[in-house]
Amino acid sequence: MGKITTKFVCNKCAYEVPKWMGKCPGCNSWNTMVEETVAPRVKGGGKSKSKAVPLSAIADTDIYRFSSGNSELDRVLGGGIVPGSLILLGGDPGIGKSTLLLQVAQSIAQTGKKVIYLSGEESLKQIRLRSLRMGIDSGNILLVNEPDIDCLSEYVDELDPELIIIDSIQTVYTKEISSIPGSISQLRECTAHLMELAKKREKAVFLVGHVTKDGAIAGPKILEHIVDVVIYFEGEKNFAFRLLRGIKNRFGSTDEIGILEMSGHGLMEVIDPSYIFVGSAQNDACGTAITASFEGSRPLLIEIQALVSASGPGYPRRMASGIDQNRLALIIAVLEKRRSLNLSAYDVYIKVTGGMFLKDPSVDLSIAAAITSSLFNRPLPAATVFIGELSLSGQIRQVPFLEQRLKEIEKLGYSKAVIPSSAFKIADTRRELEIIEVNNLDDVIELIG
Ligand code: TYD
Ligand code: MG
């Protein structure tokens, strides 16, 4: 056996140094270095090496997936759970991770298959109370209150489950490492063990990981590269809607989002998500614009609110919630330069409803329209949706998936859509929806009148 040594690991970015430092050289955060003991690996371990397999010899069958019972979660997973995959579900404490996974367990248990639910966080009684509240009661959900991950393979041999849930990775440990549960080396080692278990036994494993803001417990960020799928559960606690956001997926596309609603009986799928992000179809308040943003593989109608108000002395304020601050600065700069709107004497606030964060550049036009509307104190045309990317020259540029966006707009009962002008070929077959084509910002400002 080699010598047991220690090292210092940043609990934010996992940067390693041999000696303690106040500031992490990796991410420049202060006081994040924690001591970890490094036990040397046992040499050999009696394992024989696996054989190299020709690529062409591997059967080209489709990936088999089974449903989690929740269509929004299935969507983010790329169509369902793949056996043998390790899925990390991260999120703030209290957001609903345990609730969601208990519901998944129930739906799999109902098909007659077994689910192991290992909880290091709550007592069995607490889980029982939650399950009663949600109307979940099944003999196929097997609760394990054993934080030692080394015992898990015995449970798997004994029970042959379809799914294993670890709630949470921060509370389990392996005896191979002496550091406390939740430390970086425990997190990494336990995850590696679970990955091996998942792959060897072809079992799907869900890992719950808490994200903490103060870094007291190492965040699951460092586990992202080990696991197959990373999903973040987002939302504000005092807001019923929750977003499932795919960050990484070895079996499907990322950027997919799922929308759920927390109710008294657990999390419900939101059937028509566009309805929750727009106030009312006939909104005619100044500074409010509707846009159709493409999130994952579907368009969502979302309300953008702008408030332009005279600023006090000093620099004017630019505040963006739900879009990138730099994007707001860019749109304001284009409005000032190309349309000579004097926004330097005004504070500009932008808010996206429903706690969404929009990255789709095609919402630029709606932001510009909302700002102009608030500045002029004139409402935008009623029941109108704005789609288009703004170029630095003030031109409105084409956007992808226009047809799908227009369908969603029509479905929700809007009567007009303002779109980039070169898109006329797609749009001219439409009857119910009036299409207004715009070339540049002048056309848009003309609409506001
Ligand atoms: P939980 O799943 O325990 O969160 P996490 O595992 O992410 O820490 O969810 C906790 C919150 O959800 C708690 O504040 C209560 C709320 N909740 C409901 O509103 N309805 C329900 O049916 C359940 C089970 C929980
Ligand atoms: Mg929990």
Side-chain angles (χ1 to χ4, degrees), residues 277-279 282-293 301-353 356-399 402 405 409 414 416-423 434-449:
F277 295 113
V278 286
Q282 310 296 326
N283 205 333
D284 57 357
C286 293
T288 301
I290 312 286
T291 188
S293 174
L301 258 61
I302 292 173
E303 190 180 295
I304 309 273
Q305 296 165 2
L307 181 69
V308 179
S309 67
S311 60
Y315 283 118
R317 300 188 71 177
R318 273 85 177 90
M319 296 264 290
S321 124
I323 60 157
D324 184 25
Q325 190 85 22
N326 293 328
R327 219 154 90 237
L328 173 61
L330 191 138
I331 294 169
I332 292 173
V334 174
L335 282 170
E336 285 185 325
K337 177 88 180 168
R338 302 292 161 200
R339 281 294 309 173
S340 314
L341 297 184
N342 183 13
L343 286 160
S344 60
Y346 294 94
D347 293 337
V348 179
Y349 303 92
I350 291 283
K351 188 175 178 297
V352 174
T353 53
M356 285 286 279
F357 191 91
L358 306 178
K359 288 194 197 127
D360 184 354
S362 62
V363 304
D364 285 358
L365 182 59
S366 64
I367 297 168
I371 292 174
T372 320
S373 156
S374 180
L375 176 71
F376 293 165
N377 235 349
R378 276 189 222 124
L380 293 167
T384 306
V385 180
F386 293 83
I387 312 166
E389 187 184 342
L390 198 60
S391 74
L392 293 186
S393 60
Q395 301 289 312
I396 312 298
R397 302 195 45 187
Q398 272 281 31
V399 299
L402 190 66
R405 294 182 210 248
I409 294 169
Y414 285 83
K416 289 181 222 159
V418 179
I419 63 167
S421 76
S422 43
E434 186 190 336
I435 303 285
I436 303 164
E437 287 164 24
V438 285
N439 263 318
N440 49 39
L441 277 179
D442 295 274
D443 299 347
V444 183
I445 290 165
E446 222 167 79
L447 277 177
I448 305 168

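Every heavy atom of this structure was used, including side-chain atoms; hydrogens, water molecules and symmetry mates were not.
Atoms CD and CD1, on Q305 and I290 in that order, are 9.0 Å from each other to the nearest 0.5 Å. Here CD of Q325 is found 8.0 Å from CD1 of I323. Values are rounded to the nearest 0.5 Å. Note that the CG atom of L402 and the CD1 atom of I419 stand 5.0 Å from one another [nearest 0.5 Å]. Note that the CG atom of L358 and the CG atom of D324 stand 11.5 Å from one another [nearest 0.5 Å].
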Hey, can you pull the donor-acceptor pairs under 3.5 Å for the side chains in residues 309-322, sequence neighbours left out?
| residue | atom | partner | partner atom | Å |
| --- | --- | --- | --- | --- |
| S311 | OG | A345 | O | 3.1 |
| R318 | NH1 | Y346 | O | 2.7 |
| R318 | NH2 | L343 | O | 3.0 |

Atom pairs and distances, donor-acceptor, side-chain atoms in residues 361-373, under 3.5 Å, two or more places apart:
| residue | atom | partner | partner atom | Å |
| --- | --- | --- | --- | --- |
| S362 | OG | D360 | OD1 | 2.8 |
| S362 | OG | D360 | OD2 | 2.9 |
| S362 | OG | R405 | NH1 | 2.8 |
| D364 | OD1 | R327 | NE | 2.9 |
| D364 | OD1 | R327 | NH2 | 3.4 |
| D364 | OD2 | L390 | N | 3.2 |
| S366 | OG | V363 | O | 2.6 |
| T372 | OG1 | A368 | O | 2.5 |
| S373 | OG | G287 | N | 2.7 |
| S373 | OG | R378 | O | 2.7 |

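Nearest heavy-atom pair, I396 versus L441, reported as atom, atom and distance to 0.1 Å: CD1-N, 4.3 Å. Listed here is the closest heavy atom pair of S421 and N439: OG-OD1, 2.8 Å. When all heavy atoms of R397 and S391 are compared, the pair lying nearest together is CD-CB, 3.6 Å. C286 approaches P379 most closely through the heavy-atom pair SG-N, 3.6 Å.
Residues V438 and F386 form no side-chain contact, since every pair of their non-hydrogen atoms from C-beta on lies 4.5 Å or further apart. L380 has its side chain out of reach of T288: every pair of non-hydrogen atoms, C-beta onward, lies at least 4.5 Å apart.
Formation of a donor-acceptor pair under 3.5 Å by the E336 side chain with backbone atoms of S344 is found in this model.
Dense packing is recorded around CZ of R339, with more than 12 heavy atoms of other residues, nucleotides or ligands lying under 6.0 Å away.
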Yes or no on side-chain contact (heavy atoms from CB on, under 4.5 Å) for L447 and T384, after CA distance, side-chain angles and deciding distance? CA-CA 11 Å; L447 277 177; T384 306; over 6 Å; no
From CA spacing to verdict: side-chain contact (heavy atoms from CB on, under 4.5 Å), L375, V348: CA-CA 9 Å; L375 176 71; V348 179; over 6 Å; no
Could you go through the side-chain contact (heavy atoms from CB on, under 4.5 Å) check for V334 and L392 one step at a time? CA-CA 6 Å; V334 174; L392 293 186; 4.2 Å; yes
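No side-chain donor-acceptor contact under 3.5 Å links S293 and T291.
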